[in-house]
Student: 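Have a look at the structure that comes next, please.
Read the numbers this way: they start at 1 and go in the same order the structure lists the ligands and their atoms. This is a predicted model, so every value here is computed, not measured. Starting from 1, each residue takes its place in the sequence as its number.
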Amino acid sequence: MLQKLKNLSHLLPMSVTFKHLFKPPITLQYPEQRQQLKQRYRCLQRLDVKKCISCGNCARACPNGAIKMKVVGIEEKKVKDKVVKKEKKHPEIYLGRCMFCGLCVDACPVKALTWRNDVLELAEYTREELFYPWWKLAGYEVEPAKEGGSGQ
Ligand code: SF4
Ligand code: SF4
């Protein structure tokens, strides 16, 4: 009797398999089919250059030193009847060091740095390709010309 029960013991795990035979699959045929990524998914930062005020908070907040500020031009600002020249800087990110903690995004006071949720593949063949200059973060194909002189 005991031996008979032992022989039937494989039926229980098989029943789990059979239960799933008649359910729709939960897997996708990637890469042809792609999952709709969640709103809060963190994959790559997006920079809104119109909002960025060059404060550098994002670079200071990064615990891994993955962000460097790049001077992209000189802008003139009026401060108490005087016109002062100020360096315009934008963040650049080395994704090889990024751990996607989100501290840079949280530290941005004007929400110029946000998360994208539309990129799944970030792997590259070389380390250099993991470097995202400010213009790439901002969605430009090539680096735009500098405004107001070199300022480098
Ligand atoms: S997500 Fe974190 S590790 Fe990545 S750049 Fe921002 S602060 Fe640095
Ligand atoms: S992205 Fe935000 S935190 Fe970073 S320099 Fe620009 S305004 Fe400051």
Student: Which residue and atom name correspond to the protein heavy atom nearest atom 7 (S) of ligand 2, and how close is it?
Tutor: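 Ranked first by proximity to atom 7 (S) of ligand 2 is I53 N, 3.3 Å.
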Student: Compare every heavy atom of R116 with every heavy atom of C43, then report the nearest pair and how far apart it is.
Tutor: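 Closest approach of C43 to R116, heavy atoms only: SG-O, 3.1 Å.
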Student: At less than 4.0 angstrom from any non-hydrogen atom of C52, what atoms of ligand 2 do you find?
Tutor: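 What qualifies from ligand 2 is 1 (S), 5 (S), 6 (Fe), 7 (S).
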Student: Is C104 close enough to atom 6 (Fe) of ligand 1 that one of its N, O or S atoms comes in under 2.8 Å?
Tutor: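 Yes - counting backbone and side chain alike, C104 has an N, O or S atom under 2.8 Å.
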Student: For a quick test of reading the model, state the closest non-hydrogen atom pair linking N117 to Q39 and the distance between them.
Tutor: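 Looking at all heavy atoms of both residues, the closest pair is ND2-CA, 3.6 Å.
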Student: Please report which non-hydrogen protein atom sits nearest to atom 1 (S) of ligand 1, along with the residue it belongs to and the distance in Å to one decimal place.
Tutor: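 Nearest protein contact, heavy atoms only, for atom 1 (S) of ligand 1 is G102 N, 3.2 Å.
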Student: Please identify which atoms of ligand 1 are closer than 4.0 Å to at least one heavy atom of C62.
Tutor: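 Every atom of ligand 1 under 4.0 Å from some heavy atom of C62: 3 (S), 5 (S), 7 (S), 8 (Fe).
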Student: Locate the shortest heavy-atom distance separating K51 from A112; write the atom from each residue and the value.
Tutor: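 Here K51 and A112 meet closest at CB-CB, 3.7 Å.
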Student: Looking only at heavy atoms, what is the nearest atom pair of L28 and R34, with distance?
Tutor: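 Heavy-atom minimum between the residues: CD1-C, 3.8 Å.
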Student: How close does the nearest protein non-hydrogen atom get to atom 8 (Fe) of ligand 2, and which residue and atom is it?
Tutor: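 Ranked first by proximity to atom 8 (Fe) of ligand 2 is C55 SG, 2.3 Å.
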Student: Are Y30 and L120 packed together at the side-chain level, in the sense that at least one heavy-atom pair is separated by less than 4.5 angstrom?
Tutor: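 Yes, at least one pair of side-chain atoms sits under 4.5 Å.
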Student: Show which atoms of ligand 1 fall inside a sub-4.0 Å distance from at least one heavy-atom site of F100.
Tutor: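 By the 4.0 Å cutoff, the relevant atoms are 1 (S), 4 (Fe).
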Student: Tell me, which protein residue and heavy-atom name are nearest atom 2 (Fe) of ligand 1, and how many Å apart are they?
Tutor: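 Checking every protein heavy atom, the shortest distance to atom 2 (Fe) of ligand 1 gives C101 SG, 2.3 Å.
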Student: If you take the nearest heavy atom of each of C58, C98, A59, which one is closest to atom 4 (Fe) of ligand 1?
Tutor: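 Heavy atom nearest to atom 4 (Fe) of ligand 1 belongs to C98.
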Student: Within a strict 4.5 Å, meaning less than it, do heavy atoms of the P63 and M99 side chains meet?
Tutor: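 Counting from C-beta outward, P63 and M99 do come under 4.5 Å.
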Student: Please could you name the atoms of ligand 2 that C108 approaches to less than 4.0 Å, counting only its heavy atoms?
Tutor: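 Every atom of ligand 2 under 4.0 Å from some heavy atom of C108: 1 (S), 2 (Fe), 3 (S), 7 (S).
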Student: Judged by non-hydrogen atoms, does G65 sit under 4.0 Å from ligand 1?
Tutor: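 Not so, G65 does not reach ligand 1.
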Student: Return the minimal non-hydrogen interatomic distance between V105 and L113, and the atom names on each side.
Tutor: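 Shortest heavy-atom separation between V105 and L113 comes out as CG1-O, 3.4 Å.
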Student: Contact between ligand 1 and Q45 is defined here as a heavy atom of the residue under 4.0 Å from a ligand atom; is it met?
Tutor: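 Contact present.
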Student: Report, in ascending order of atom number, the atoms of ligand 1 lying under 4.0 Å from any heavy atom of M99.
Tutor: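 Going through ligand 1 atom by atom, the ones under 4.0 Å from M99 are 3 (S), 4 (Fe).
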Student: Looking at Y41, I'd like to know if the NZ or CZ of K38 sits under 6.0 Å from its six-membered ring centre while staying within 45 degrees of the ring's axis.
Tutor: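 No.
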Student: Can you confirm whether K136 sits close enough to Y140 that some side-chain heavy atom of one is under 4.5 Å from a side-chain heavy atom of the other?
Tutor: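 No. Closest side-chain heavy atoms not under 4.5 Å.
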Student: Considering non-hydrogen atoms only, spot the tightest contact between S54 and K86 and give its length.
Tutor: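 Heavy-atom minimum between the residues: CB-NZ, 4.3 Å.
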Student: Can you label the angle between the H90 ring and the W134 ring as parallel, tilted or perpendicular, going by 30° and 60°?
Tutor: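 Judged by the thresholds at 30° and 60°, the geometry between H90 and W134 is tilted.
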Student: Which atoms of ligand 2 have any heavy atom of G56 under 4.0 Å away?
Tutor: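 Here the atoms of ligand 2 in question are 5 (S), 8 (Fe).
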Student: Specify side chain, backbone, both or neither for M69, according to which of its non-hydrogen atoms lie closer than 4.0 Å to ligand 2.
Tutor: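 The answer is the side chain.
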Student: Could you tell me which atoms of ligand 1, counted from 1 in the order shown, lie closer than 4.0 angstrom to a heavy atom of P63?
Tutor: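 Those qualifying, in numeric order: 7 (S).
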Student: Heavy-atom contacts with I67 under 4.0 Å: which atoms of ligand 1 show up? List them by number with element.
Tutor: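 Every atom of ligand 1 under 4.0 Å from some heavy atom of I67: 5 (S).
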Student: In terms of atom number and element, which parts of ligand 2 are under 4.0 angstrom from non-hydrogen atoms of V110?
Tutor: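 Close to V110: 7 (S).
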